[in-house]
Amino acid sequence: MAKRALITGITGQDGSYLAELLLGKGYEVHGIIRRSSSFNTERIDPIYKDRHDKGARLFLHYGDLSDPSSLIKILGETQPEEIYNLAAQSHVRVSFDIPEFTGDVTAIGTVRILDAMRQVAPKARFYQASSSEMYGLVQAVPQNETTPFYPRSPYAAAKVYSHWITVNYRESYGLHASSGILFNHESPRRGETFVTRKITRAVARIQAGLQDKVYLGNLEAKRDWGYAPEYVEAMWRMLQQDKPDDYVVATGETHTVQEFLEVAFARAGLDSKKHAAFDKRYLRPAEVDLLIGDASKAKKKLGWEPKVKFRQLAEIMVDADIQLLAEERAGQRIRE
């Protein structure tokens, strides 16, 4: 019998890569998606296209982290052996604009699915997507599993709640529940409003003559950037351990947004100074200045370490966006 996994947030960057990983390992994969009047499954379309075949192993279910009855129903019907909670309102800047919604989905949504698991699938193994944003105004450099949290946004505060409620359910009910404290991880599937993808998409469009400027906020913020497909491997490894635990997943390097900007533009033979402009609308009310993770525990216990580093990551994303734009324009010409 194939292992069965359930993924919330399956249509996001991490969810799509995790689904591919698990299918490649022979899993039957179930994903929770929100009902929408428009299609929002483009990241998983390549692996979902065969859903009507008898041998299909990817199944989607309508549900929502704000609706506990749907979670209980889905968990009861699918009886997953592994549950990956990746769903959230995940944009830090936007969380200042919609703090209550962010708290309801990103924080309380986690306790809803944990409690559903406790009731109908207590033997499953649970993964919680914690975030380096929880460290906020950092209390130590680098940050590891014992570094105190100091959240600086509604998103980060919601993630702190999610993290500690996962620990609480592990200790209170004996659930196999682990958290991955993932530092920034990017890919060509990153949402276009996140700064790295915003930059690489702009590079492609500027090179093609479709726009002239990209407007950004704080260029001095330092982040530890890794490659998303490698980070979902760490998630899976956590749930293969005999005992649940919490792990930092990071590269151990930190770079500024300015550095990412320069590498990305240079990849396309462009000068970032000519095309980047400041816009105060993209500043956060409270900034996180520096994040850099210590993933030595993950390396020791999980056998995980990153292979794709900063420059290669930026170049992968630029190359993908240039290719994507070329394909979109070619398709448009054919339709015309």
Side-chain angles (χ1 to χ4, degrees), residues 1-16 18-19 22 27-41 43-44 48 51-52 56-91 94-95 98-131 154-155 157-180 235 239 244:
M1 291 287 291
K3 272 190 174 182
R4 189 179 299 117
L6 176 69
I7 303 172
T8 72
I10 193 171
T11 59
Q13 170 189 252
D14 291 4
S16 65
L18 178 61
L22 296 179
Y27 279 63
E28 177 181 301
V29 178
H30 295 260
I32 298 178
I33 61 172
R34 290 176 295 168
R35 178 70 180 92
S36 173
S37 59
S38 58
F39 292 111
N40 60 356
T41 59
R43 289 189 181 97
I44 59 171
Y48 191 49
R51 60 190 177 277
H52 299 301
R57 290 185 290 116
L58 175 61
F59 306 92
L60 300 181
H61 309 264
Y62 287 120
D64 198 290
L65 289 184
S66 64
D67 178 16
S69 63
S70 69
L71 300 177
I72 292 171
K73 179 177 181 289
I74 293 167
L75 264 68
E77 290 177 350
T78 60
Q79 285 295 308
E81 292 153 276
E82 296 175 5
I83 301 167
Y84 297 86
N85 184 34
L86 311 184
Q89 189 304 100
S90 59
H91 198 287
V94 172
S95 75
I98 49 172
E100 186 175 349
F101 175 78
T102 300
D104 183 50
V105 174
T106 306
I108 306 304
T110 300
V111 76
R112 290 186 185 115
I113 193 165
L114 278 167
D115 211 58
M117 171 185 168
R118 179 180 68 85
Q119 294 178 59
V120 299
K123 294 183 179 180
R125 296 186 174 192
F126 180 85
Y127 171 83
Q128 168 58 25
S130 290
S131 168
Y155 167 78
K159 281 293 186 180
V160 170
Y161 177 90
S162 293
H163 180 86
W164 282 116
I165 201 65
T166 300
V167 173
N168 181 257
Y169 268 64
R170 178 170 74 211
E171 296 177 351
S172 299
Y173 303 113
L175 300 182
H176 193 296
S178 299
S179 290
M235 299 176 189
L239 297 200

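Just the heavy atoms: all of them, side chains too, but no hydrogens, waters or symmetry mates, feed the values below. Nothing fancy with the numbering, it's 1 onward along the sequence.
Distance check: L75 CG to M117 CE gives 8.5 Å after rounding to the nearest 0.5 Å. A distance of 8.0 Å separates OG in S172 from CD1 in I165, rounded to the nearest 0.5 Å. Atom CD1 in I113 sits 9.0 Å away from atom CD in Q128 (nearest 0.5 Å). For the atom pair E100 CD and I108 CD1, the distance stands at 11.0 Å (nearest 0.5 Å). Here the OH-CG distance, from Y173 to N168, works out to 7.0 Å after rounding to the nearest 0.5 Å.
The main-chain N or O of A129 is found under 3.5 Å from a side-chain atom of K159 such that the two form a donor-acceptor pair. A side-chain donor-acceptor contact under 3.5 Å links S95 to the backbone of Y155. Formation of a donor-acceptor pair under 3.5 Å by the S16 side chain with backbone atoms of Q13 is found in this model. No donor-acceptor pair closer than 3.5 Å links the side chain of R112 to the backbone N or O of D67. One N or O on the side chain of R57 and one on the backbone of Y27 form a donor-acceptor pair closer than 3.5 Å. Between the side chain of S162 and the backbone N or O of T110, no donor-acceptor pair lies under 3.5 Å.
When the options T166, L239, L6 are evaluated for a side chain to side chain contact (heavy atoms under 4.5 Å, CB included) with F126, the one that passes is T166.
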Item to check | Steps toward side chain to side chain contact (heavy atoms under 4.5 Å, CB included) verdict (I32, L65) | outcome: CA-CA 9 Å; I32 298 178; L65 289 184; 5.9 Å; no

Next on the checklist: Walk me through whether H61 and I33 qualify under side chain to side chain contact (heavy atoms under 4.5 Å, CB included).
Outcome noted: CA-CA 6 Å; H61 309 264; I33 61 172; over 6 Å; no

Next on the checklist: Test side chain to side chain contact (heavy atoms under 4.5 Å, CB included) on S66 and F101; report intermediate values, then the result.
Outcome noted: CA-CA 9 Å; S66 64; F101 175 78; over 6 Å; no

Next on the checklist: I'd like to know whether E81 forms a salt bridge (charged side-chain N to carboxylate O under 4.0 Å, His left out) with K3, so could you lay out the CA-CA distance, the side-chain angles of the two residues, the decisive distance to 0.1 Å, and finally the verdict.
Outcome noted: CA-CA 7 Å; E81 292 153 276; K3 272 190 174 182; over 6 Å; no

Next on the checklist: If you apply the rule side chain to side chain contact (heavy atoms under 4.5 Å, CB included), what do you find for Y84 with L22, and how did you get there?
Outcome noted: CA-CA 11 Å; Y84 297 86; L22 296 179; 3.9 Å; yes

Checklist entry - So Q89 and T102, side-chain hydrogen bond (donor to acceptor under 3.5 Å, both in side chains) or not? Walk me through it. => result CA-CA 5 Å; Q89 189 304 100; T102 300; 3.0 Å; yes

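In terms of heavy-atom proximity, P244 sits nearest to S178 at CA-OG, 3.2 Å. When all heavy atoms are compared, the tightest approach of A88 to T106 is CB-OG1, 3.7 Å. Residue G63 comes nearest to S70 through the heavy atom pair CA-OG, 3.7 Å, listed as atom of the first residue, atom of the second, then distance. The two residues G9 and A87 have their closest heavy-atom pair at N-CB, 3.6 Å. The heavy-atom pair separating R4 from Q79 by the smallest distance is NH1-O, 3.2 Å.
The shortest side-chain heavy-atom distance between I10 and L86 does not fall under the 4.5 Å cut-off. Residues I7 and N85 have side chains not in contact (no heavy-atom distance under 4.5 Å, counting atoms from C-beta outward).
Using a 4.0 Å cut-off between charged side-chain N and carboxylate O, R125 and E82 make no salt bridge. For R43 and D14, the salt-bridge test fails: no basic side-chain N is under 4.0 Å from an acidic carboxylate O.
A donor-acceptor pair shorter than 3.5 Å can be found between the side chains of D115 and Y169.
Using cut-offs of 30° and 60° on the angle between ring planes, the pair H30 and F59 is parallel.
Taking the side-chain contact (heavy atoms from CB on, under 4.5 Å) definition, one finds that V167 meets it with H163, W164, R170, E171, D246, sequence neighbours left out.
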